[in-house]
Amino acid sequence: MSAVQQPGDVAGAAAAHPFRNRAWSRFRSHRLGYWSLWVFLLLFGVSLLAPVLSSDRPLLVRYDGGWYLPMLHAYPETTFGGDFHTPTDYLDPYIRARLSAPGNFALFPPIPYGPTTIDYYATRPFPSSPSARHWLGTDDRGRDVLSRLLYGLRLSILFALALTVTGTILGMLIGAVQGYFAGRVDLTAQRLIEVWGSMPELYLLIIFSAVFSPGIGLLLVLLSLFGWMGLSDYVRAEFLRNRQMDYVRAAQALGLSHPRIMWRHILPNSMTPVVTFLPFRMSAAILALTSLDFLGLGVPPPTPSLGELLSQGTANLDAWWISLAAFGALASVLLLLTFTGEGLRVALDPRQTAGSER
């Protein structure tokens with residue numbers, strides 16, 4: 001049996017390569033979507049480096065001939081000439097003076113503040129406007145806005161990736177089973193999905209937030225339970241269409257199992273809506289997390305998030321820099337994902353494919 005199906009698999013793989021090459025060429029020709037993808041990946045990469053770019057601990061310290069790594073280890077204040085055995089406050093002017101003495105030095109990150117660091121040594125009341133000390137100012141608690149923005153952006157993108165992956169897997173699995181087996185399986189699953197989709201999602205979030213300790217894990221589980229339904233409809237439609245194709249009937253005549261037919265033959269030809277909707281699903285996940293954080297139903301404080309910054313901006317209308325920074329970052333990321341999704345839609349549009357072949 002394996003000797004019979006190997007030529008078909010090789011031929012199918014060879015036929016898929018030209019389509020992928022043409023789709024990639026069309027995506028590159030869509031300049032706005034192509035460059036939006038690269039800019040988004042650049043922002044994501046910068047956000048992943050947040051612990052190196054923004055921290056209240058030095059990256060490297062040389063003191064009295066010894067080398068120290070405060071980013072990896074917590075040292076007591078007595079290590080650097082202090083009087084207490086408590087963890088070192090590297091923003092303390094006395095410690096700064098000790099580290100900058102002749103023969104000593106400390107390599108601080110570009111943003112010498114963490115997302116929860118309160119600047120007790122500031123000379124202006126909070127919230128303070130942008131300055132050389134705080135490039136995007138501080139919030140009403142004295143925390144650096146740029147640091148919280150960087151960490152909040154990382155949290156939003158990672159949460160959106162996790163939610164997109166789980167929702168896509170569930171949507172593909174349920175839609176594939178519905179579309180392939182059709183009949184009673186499809187009708188029963190559709191009725192169950194309609195019942196589940198009528199559940200008030202926001203109301204359930206409020207209930208679970210009151211019962212359980214709020215956190216990123218709880219949000220991911222609750223939103224994943226509802227985030228797959230939109231994609232499953234498209235996958236179901238693709239499987240319903242492709243299950244009637246000759247190559248599927250030939251695979252069934254050869255005696256291949258249902259999971260193998262679904263995985264090796266139908267699924268690769270049903271990935272167009274899945275790939276096209278990925279950026280839009282990510283933008284929806286980022287917007288959902290931001291909205292929940294804004295309403296106080298998201299991640300617990302003092303976790304940095306874009307929604308928490310927007311909430312602070314509305315509570316401190318005179319501190320315009322807080323709202324401007326949070327809204328600018330959120331709008332930029334959503335626009336980049338939207339432009340990327342538009343580029344993918346054009347690249348994978350079957351009408352574009354047919355036109356280019358003609």
Open item on the list: Can you give me the closest heavy-atom contact between I286 and A160, atom names plus distance?
Closed with: CG1-CB, 3.5 Å

Task: Close aromatic pair by centroid cut-off 6.0 Å: W263 and F239 - done: no

Open item on the list: Looking only at the side chains, is there a donor atom on one of S131 and R124 sitting less than 3.5 Å from an acceptor on the other?
Closed with: yes

TODO: List, by chain and then residue number, the residues other than L192 in its hydrophobic cluster (Ile/Leu/Val/Met/Phe/Trp/Tyr, side-chain heavy atoms under 4.5 Å); write none if there are no others.
DONE: none

- [ ] Applying side-chain contact (heavy atoms from CB on, under 4.5 Å), name anything that partners D293, two or more places apart in sequence or on another chain.
- [x] L289, V299, S305

Open item on the list: Using the salt bridge (Lys or Arg N to Asp or Glu O under 4.0 Å) criterion, which residues pair with R96? Sequence neighbours excluded.
Closed with: none

TODO: List in chain and number order the residues that pass side-chain contact (heavy atoms from CB on, under 4.5 Å) with R141, two or more places apart in sequence or in another chain; answer none if no residue qualifies.
DONE: D139, R143, E308, Q312

TODO: Report yes if some heavy atom in the side chain of D64 is under 4.5 Å from a heavy atom in the side chain of N104; otherwise report no.
DONE: yes

TODO: Could you verify whether a donor N or O on one side chain and an acceptor N or O on the other, from T138 and S128, lie under 3.5 Å apart?
DONE: yes

Task: Linked hydrophobic residues, L335 as query - side chain contacts closer than 4.5 Å - done: L32, F339

TODO: Any chance you could pull the hydrophobic cluster mates of V165, using side-chain heavy atoms under 4.5 angstrom and chaining through other members?
DONE: I169

Task: Set of residues satisfying ring pair (Phe, Tyr, Trp, His ring centres under 6.0 Å) with respect to F40, sequence neighbours excluded - done: none

TODO: Examine distances only and state if a side-chain atom of Y247 and a backbone atom of I266 form a donor-acceptor pair shorter than 3.5 Å.
DONE: no

Open item on the list: According to side-chain contact (heavy atoms from CB on, under 4.5 Å), who are the partners of T116, at least two apart in sequence or on a separate chain?
Closed with: R148, P302

Open item on the list: Applying side-chain contact (heavy atoms from CB on, under 4.5 Å), can you list everything that pairs with F327, at least two apart in sequence or on another chain?
Closed with: L310, A331

Open item on the list: By the salt bridge (charged side-chain N to carboxylate O under 4.0 Å, His left out) test, which pairs, at least two apart or in different chains, include something from residues 177-202?
Closed with: D186-R236, R191-E194

TODO: Hey, can you tell me if Y34 and W38 have their rings parallel, tilted or perpendicular (30° and 60° cut-offs)?
DONE: perpendicular

Task: Minimum heavy-atom distance Y90-P70, with the two atoms named - done: OH-CB, 3.5 Å

Which atom pairs, one a donor and one an acceptor, fall under 3.5 Å between side chains of residues 220-235 and the rest of the protein, sequence neighbours left out?
unit_1	atom_1	unit_2	atom_2	d
S224	OG	T166	OG1	3.0
S224	OG	L220	O	2.5
W228	NE1	L225	O	2.8
S232	OG	M229	O	2.8

Open item on the list: Any heavy-atom pair between the side chains of V61 and W67 that's under 4.5 Å?
Closed with: no

TODO: List the atom of L149, the atom of A329, and the distance in Å for their closest heavy-atom pair.
DONE: CD1-CB, 3.6 Å

TODO: List for me each residue that meets ring pair (Phe, Tyr, Trp, His ring centres under 6.0 Å) alongside F108, sequence neighbours excluded, and say none if there are none.
DONE: none

Task: Side-chain donor-acceptor pair present, D83, Y94, cut-off under 3.5 Å - done: no

- [ ] Classify the angle between the aromatic ring planes of F80 and Y63 as parallel (below 30°), tilted (30 to 60°) or perpendicular (above 60°).
- [x] perpendicular

TODO: Output yes when a side-chain donor or acceptor of R243 lies under 3.5 Å from a complementary backbone atom of Y180, and no otherwise.
DONE: yes

